[in-house]
There are 2 protein chains.
Amino acid sequence: MDNAAPQSPAGLSTSPSWLLNQTASHAARLLSEGFAAHDLRGYHYRLLASLAEDGPASQADLGRRCGIDRSDVVAAINDLAGRGLVVRAPDPADRRRNVISATDGGADEARRMGATLERVQADLLAPLSATEREQLTRLLTRLLRHHSRH
Amino acid sequence: MDNAAPQSPAGLSTSPSWLLNQTASHAARLLSEGFAAHDLRGYHYRLLASLAEDGPASQADLGRRCGIDRSDVVAAINDLAGRGLVVRAPDPADRRRNVISATDGGADEARRMGATLERVQADLLAPLSATEREQLTRLLTRLLRHHSRH
DNA sequence: GGTGTTACGTTGGTGCGACCAACGTTGGTT
DNA sequence: AACCAACGTTGGTCGCACCAACGTAACACC
């Protein structure tokens with residue numbers, strides 16, 4: 001018959017790290033599908049959003065702001081620059097650096113992708129009340145903050 | 001100077017899907033490091049645990065139980081069988097199927113990896129009280145359950 | 001009792017996120 | 001002048017998730 005919905009291994013089904021992983025995996029898939037409509041991926045959005053909201057930065061700084069490796073920033077910025085969403089200019093004050101800035105089109109795209117993110121998020125969190133969403137956010141934030149300062 | 005700790009893009013830092021992703025990513029890294037000591041990966045543990053706890057199954061069933069694609073099950077079971085942690089036998093009742101069973105060694109390894117999981121989990125959830133951990137588990141479970149029955 | 005459909009294991013491939021090592025160049029320190 | 005640190009870039013690796021296609025085997029229906 002081949003029925004039986006996807007299940008988790010017995011002992012794992014209540015394991016936070018399993019739940020975390022599965023939920024994040026699901027969220028990532030939804031997000032990926034949403035971003036696909038823009039023909040861009042998660043890295044692109046993170047960078048674009050950071051540029052639009054926090055202003056221009058060097059690639060290394062961008063990487064630190066977004067938690068993306070320098071080498072991956074290169075490729076993503078290449079893509080964004082190739083579409084005119086972002087401009088790469090040499091930093092006159094430090095010839096090692098490039099200053100990356102979002103163009104007007106880039107800022108627009110960042111807004112559009114932000115809207116997509118909101119939409120996906122609403123879908124993802126549909127079963128939770130506003131209070132519960134805030135609870136979840138608080139718990140995750142505390143976990144992250146604790147582990148970010150090793 | 002290169003100071004500045006990894007940060008999230010401004011607007012994203014409070015976005016559940018970002019938090020979910022980052023936390024899961026962190027958990028996955030810790031888990032991966034833990035499992036590396038066993039020279040195995042997440043897929044191997046899921047399968048081994050499922051076999052040890054829920055008993056033998058065909059590869060397709062295993063895939064469904066663990067949420068792993070059939071084709072990925074093949075490779076992982078190959079690894080496990082190569083180490084004698086698992087046995088692949090033809091199903092006399094259905095010649096399409098293989099019956100996979102954990103060996104004694106496999107069951108032992110499953111227990112050891114389970115202990116590793118516990119250890120990692122304790123580290124991950126260190127900043128949360130028991131009540132908060134339960135809260136987190138409940139919220140994630142509800143999210144998952146909601147989305148699993150599309 | 002053939003026929004069509006479904007499930008199974010397997011092969012081979014894709015995509016994304018994350019990470020690492022190394023190099024040449026440039027800036028700051030001493 | 002010599003050293004070291006940071007920058008951008010190239011070119012990999014790994015793990016997880018997913019898909020398409022194949023041949024074989026089981027099942028359903030008429």
Side-chain angles (χ1 to χ4, degrees), chain A residues 1-4 6 17-18 20-36 38-47 57-64 66-79 81 88-100, chain B residues 1-4 6 17-18 20-36 38-47 57-64 66-79 81 88-100:
Chain A
M1 288 257 186
D2 210 56
N3 50 355
S17 68
W18 163 268
L20 219 39
N21 206 323
Q22 288 303 107
T23 318
S25 171
H26 192 76
R29 202 179 57 252
L30 290 180
L31 215 41
S32 172
E33 287 166 5
F35 285 163
H38 305 257
D39 210 51
L40 289 170
R41 292 162 300 138
Y43 275 15
H44 298 125
Y45 175 62
R46 288 197 224 167
L47 294 168
S58 74
Q59 298 181 193
D61 279 348
L62 261 183
R64 280 185 287 266
C66 302
I68 300 179
D69 190 90
R70 310 201 315 268
S71 60
D72 297 320
V73 171
V74 175
I77 293 295
N78 282 345
D79 296 342
R88 200 192 241 120
D91 185 341
D94 186 339
R95 281 186 296 171
R96 291 174 301 179
R97 295 184 179 170
N98 294 330
V99 176
I100 313 295
Chain B
M1 287 263 186
D2 211 56
N3 50 354
S17 67
W18 163 268
L20 218 39
N21 206 322
Q22 288 302 109
T23 318
S25 171
H26 192 77
R29 192 157 32 81
L30 290 179
L31 215 40
S32 172
E33 287 165 6
F35 285 163
H38 306 257
D39 210 50
L40 289 171
R41 291 161 299 135
Y43 274 13
H44 298 125
Y45 175 63
R46 289 196 223 168
L47 294 168
S58 74
Q59 297 181 194
D61 279 348
L62 261 183
R64 280 184 288 266
C66 303
I68 300 179
D69 191 90
R70 308 201 318 267
S71 60
D72 297 321
V73 171
V74 176
I77 293 294
N78 282 344
D79 296 342
R88 202 192 240 121
D91 184 342
D94 186 339
R95 280 185 295 170
R96 292 174 302 179
R97 296 185 178 167
N98 294 331
V99 177
I100 313 295

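Not measured: the values here are computed from a predicted model. By convention in this document, chain letters (A, B, ...) are assigned in the order of the sequence lines, proteins followed by strands, and residues within each chain are numbered from 1.
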In terms of heavy-atom contacts, A:Ala57 and A:Leu62 come closest through CB-CG, 4.2 Å

note: A:Leu40, atom CG; C:dG15, atom P; distance rounded to Å ~ 15 Å

In short, B:Tyr43 meets B:Ala76 closest at the heavy-atom pair CB-CB, 4.4 Å

So CG of A:Asn98 and CZ of A:Arg88: to nearest 0.5 Å the spacing works out to 6.0 Å

A:Asp39 atom CG is separated from C:dC16 atom C1', nearest whole Å, by 14 Å

In whole angstroms, the gap separating P of D:dC18 from CD1 of B:Ile68 amounts to 11 Å

| said: A side-chain contact here means heavy atoms from C-beta on lying under 4.5 Å apart; do A:Val74 and A:Arg70 qualify? | reply: no

Assign each of A:Gln22 and B:Ala93 the nucleotide of DNA chain D bearing its closest heavy atom; nearer the 5' end lies the nucleotide of A:Gln22

Distance col, row B:Asn21:CG vs A:Ser25:OG, nearest 0.5 angstrom, shows 9.5 Å

When every non-hydrogen atom of A:Ala24 is compared with those of B:Leu20, the smallest separation belongs to CB-O, 3.8 Å

Going 5' to 3' through nucleotides 8-14 of chain D and flagging B where a protein heavy-atom sits under 4.0 Å of the base, S where only the sugar-phosphate is that close, and - otherwise, we get BBBB---

B:Asp79 CG to D:dG15 C1', in whole Å, measures 13 Å

The answer to which of A:Tyr43 and A:Pro92 contacts DNA chain C further toward the 5' end, by nearest nucleotide, is A:Tyr43

- Message: Before you tell me yes or no, could you show the steps for A:Asp91 and A:Ser58 under side chain to side chain contact (heavy atoms under 4.5 Å, CB included), namely the whole-Å CA-CA distance, both residues' side-chain angles and the distance that decides it to 0.1 Å?
- Response: CA-CA 8 Å; A:Asp91 185 341; A:Ser58 74; over 6 Å; no

Check: Got a donor-acceptor contact below 3.5 angstrom from the A:Arg46 side chain to the A:Cys66 backbone?
Finding: yes

Rounded to whole Å, the CG-P distance (A:Leu47 to C:dG17) equals 11 Å

- Message: Any side-chain N or O of A:Arg46 below 4.0 angstrom from OP1/OP2 of C:dA18?
- Response: yes

Contact check, residues 26-35 of chain A vs DNA chain D, heavy-atom distance under 4.0 Å, returns A:Arg29

The ring-ring contact (aromatic ring centres under 6.0 Å, His included) partners of B:Phe35 (sequence neighbours excluded) come to B:Tyr45

